[in-house]
2 protein chains.
Amino acid sequence: MVENRIATETDLKASQSAGTGTLGKSIAVLELVATSETPLRFTEILALSDQPRGTLHRQLSHLVEEGLLSMGGDLRYALGMRLLKLASNTWAKNQFRTVAEPHLKNLHEQTGETVHLGILHGQEIIYLDKVESRQAVRMNSQIGNASPVYCTGVGKAALSVLPEARLIDLVDRFSFQAYTPNTHLSAGSLLTELAVVRRVGHAFDREEHESGIRCVAAPVQAPRHGIVAGVSVTGPAYRVSMEQLEGWAVAVRKAAHEIEQDVEVRLGPGP
Amino acid sequence: MVENRIATETDLKASQSAGTGTLGKSIAVLELVATSETPLRFTEILALSDQPRGTLHRQLSHLVEEGLLSMGGDLRYALGMRLLKLASNTWAKNQFRTVAEPHLKNLHEQTGETVHLGILHGQEIIYLDKVESRQAVRMNSQIGNASPVYCTGVGKAALSVLPEARLIDLVDRFSFQAYTPNTHLSAGSLLTELAVVRRVGHAFDREEHESGIRCVAAPVQAPRHGIVAGVSVTGPAYRVSMEQLEGWAVAVRKAAHEIEQDVEVRLGPGP
DNA sequence: AATCGAGTTCCATATATCGGAATCTATAAA
DNA sequence: TTTATAGATTCCGATATATGGAACTCGATT
C-alpha cells in the first residue's frame, strides 16, 4: 500500500502530505477536520474519509488522546489546543522569521502600510509574520494563513525565483480559481507575468486575491536552508495607487535583499 | 508496552500525552523538538529520546514528510510550517473563542487594559485570544502560549471551579517553580488561595508569574463542552494598582458570566 | 416491541514499525 | 594519501501494532 521509496525534495514541496504510513493517515484525518468550517461528527468524517469505521474511530481516539483533536459533549470533533501550543513554539523559535523581523519593521516604517513575510510551502504561501499599520481589523488570523501562490504578491515573487523544473512541476498541479476578476486563470498568463517579475525583481498583486487589496512583493531566498519566501507591502486600493506601489518597489527589494544577507550571516552559510 | 485500556477523561486532562501508540510516539518526538530553544541535530534528539537510532530516524523522516517538521540543509530539525497552518484553522474556527470575542472587546473598552482568554489544558493555561491596549510590544506570540496554572490569574480562576477530585489530581502533579518572589510554591498555599477565589468569584495575579505584571481573572465554564477557562484583565504594576484591579473585578466576573450564557445559547445546551 | 441510526468495541489477520547492525559520508588526524 | 572518527542513513527479519468487518450498545422513533 505504501510506496516503497524515499520522498524526494520535489515530492515534499509538491504534495503536502502523502497520507501514507500510520502517521500520514492520522494527519490526513486531522486535515479533514481542519478543512471543515464547523466541528464534525463521526459519521460526517467517515463519509469524507475513505477509512473503514473501526479504523477511523481508533484514529480519532488517538488524535484526541494526543490533544490534536478535541471532542465536545456533543460528540463533535474540533482541532485541539495542543496545535496552538505547538504553533506558538513554531512561530516564536523560527530563525528565519526572527532574522527577518527587524527588516519587516523597518520596511513598515518606510511605507506606513502592512508588511507581510510569507513562505512557500507546497502549493501555498503561509504567512509567517506581519507588521500592521494600525490594528484596524483583527488580523491575528493572518499568521499561519495559507493563500494560493498564483494570486498573491508574495506567492508570485516566490515563484519567480524557483528553478524552471520545480516551477513547472508546481504550476502543472494548480487548479486556478477566480477569487476576483483579476485572478490569473491559466498557467500561461501566470508564467508570462512571472517572466516580467523575474526581470524587474518584484511582483504586484493587482487586486487578484481580494478586491480592493493591492501589494508589491519581492522574493527572499535562503537556498541553503531550503527556504523560498517573499516580503510584501500591502494596502487598500483606495489609499494606495499602483504608482505608490511602484515607488515602494525599490524599498521592498532592498528589504528582501537585506534579509537574505542577514540570514547568510546569522544562520551561517550552510553545508 | 501500550497500556490496554481506554483513557478516561481524567487521564486526558491530566497527562497531556501518553506517548503510546505509533502516533503518540511520533508526537512525543515532535514535542522534543518543540521544547528545544534551537533546531536540533539527529544525534541531539537521539540523546533526548529513548528511541533506538533506526526507529527515531524513521519517525523524523515521517514527520518531515508530513510537514510537521522541517530539516534544513544543516541537518537540523525545526517545527514545520504545517503546524502554523493547522493552528491558524484551530484559532479561526474555534467556536468558544468566536463566541467569547465580543465580550473580550467589551471588557477591553471598559478597562483600557489587555484582556486575555485562556483555556485549561492539562497542567497549563493556553491563551486562546487576547485584546491588546496598544501594540506596544509584539505579543502575537501570546496566542497559543502555555503558562503554568498555579501562577496566572486565569489559571487560578479556572482551578477554582474544578471538581475537588480533579483539582487534587492535578495539583498533586505540579512541580512548583518560583517565577517571581510571589509565586506559590506549595499545594497548600495554592489551595488556601483557591478557597478565597471560590468565595469571591475572581482571582488575582499579584506579580506571581512575571514581575511588574498584575491581573484580575474570573472563571468561565462550559461543562457540556468540556471547557474550563478564564478571562482576565492584565496591566503593568506601575500603572495598575491592586485597588484598580479590585474595581474591575465586577466587570470581569460579569464578562465571564456573559460568555457562559452566550456559549449556552449559541452552541446549544449540549447532550 | 421492533426498527433505525449513530457510536463504540472486538479480535483474527495483515502490515507497518521496531531496532540492532551494516553502510555511507564527511571531516579530521596521522 | 591513508586512516580514524563521528554522525547520518539504510537494511531486513522479528514483532508489536494497526487494520477492518462484524457484532454490540444505546437512544430515539414508529
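The structure displayed is predicted, hence computed values, not measured ones.
With D/dT9, C/dT8, C/dC18 as the choices, the nucleotide that has an atom nearest any side-chain atom of B/K25 turns out to be C/dC18. Of the candidate nucleotides D/dA18, C/dT8, C/dG19, C/dG19 has the atom lying nearest to any side-chain atom of B/Q51. With D/dG21, C/dT8, D/dT9 as the candidates, the nucleotide lying closest to the side chain of B/R53 is D/dT9. Side-chain proximity of B/R58 to the nucleotides C/dT17, D/dT9, D/dT19 is greatest for C/dT17. Relative to the side chain of B/H57, the nucleotides C/dA6, D/dT9, C/dG20 differ in distance, and D/dT9 lies closest. When each of D/dG7, D/dG20, C/dG19 is scored by its nearest atom to the side-chain atoms of A/T55, the top-ranked nucleotide is D/dG20.
Regarding B/L56, its CG atom lies at a distance of 13 Å from the C1' atom of D/dG7, rounded to whole Å. To the nearest angstrom, C1' of C/dT25 lies 11 Å from CG of B/L75. Rounded to a whole Å, the CD atom of A/E65 is 13 Å from the P atom of D/dT17. In this structure, the CG atom of B/L46 is 14 Å from the C1' atom of C/dC18, given to the nearest Å. If you take OH of A/Y77 and P of C/dA6, they are 14 Å apart, rounded to a whole angstrom. We find that CZ of B/R41 is positioned 11 Å from C1' of C/dA26, with the value rounded to whole Å. Between the CG atom of B/L63 and the P atom of C/dT17 there is a distance of 11 Å, given to the nearest Å. Taking atom CD on A/Q59 and atom P on C/dT9, their separation rounds to 16 Å, with Å as the unit.
A/D262 and A/H103 are linked by a side-chain donor-acceptor pair at a separation below 3.5 angstrom, with hydrogens and angles left out of the test.
Between A/F42 and A/L23, the residue anchored closer to the 5' end of DNA chain C is A/F42, taking for each the nucleotide with the nearest heavy atom. Both A/E44 and A/T22 lie near DNA chain C, and the one whose nearest nucleotide falls closer to the 5' end is A/E44.
Between A/H57 and A/F42, the angle of the ring planes goes over 60°, which puts this pair in the perpendicular group of the 30/60° scheme.
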Could you pull out every donor-acceptor pair under 3.5 Å between side chains of residues 34-41 of chain A and any protein atom, sequence neighbours left out?
from	atom 1	to	atom 2	distance (Å)
A/T35	OG1	A/E31	O	2.7
A/S36	OG	A/T38	N	3.2
A/S36	OG	A/T38	O	2.4

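Partners of B/Q261 under the side-chain hydrogen bond (donor to acceptor under 3.5 Å, both in side chains) rule, at least two apart in sequence or in another chain, are B/H257.
The backbone N or O of B/Q51 sits nowhere less than 3.5 Å from a side-chain atom of B/T55 that would complete a donor-acceptor pair.
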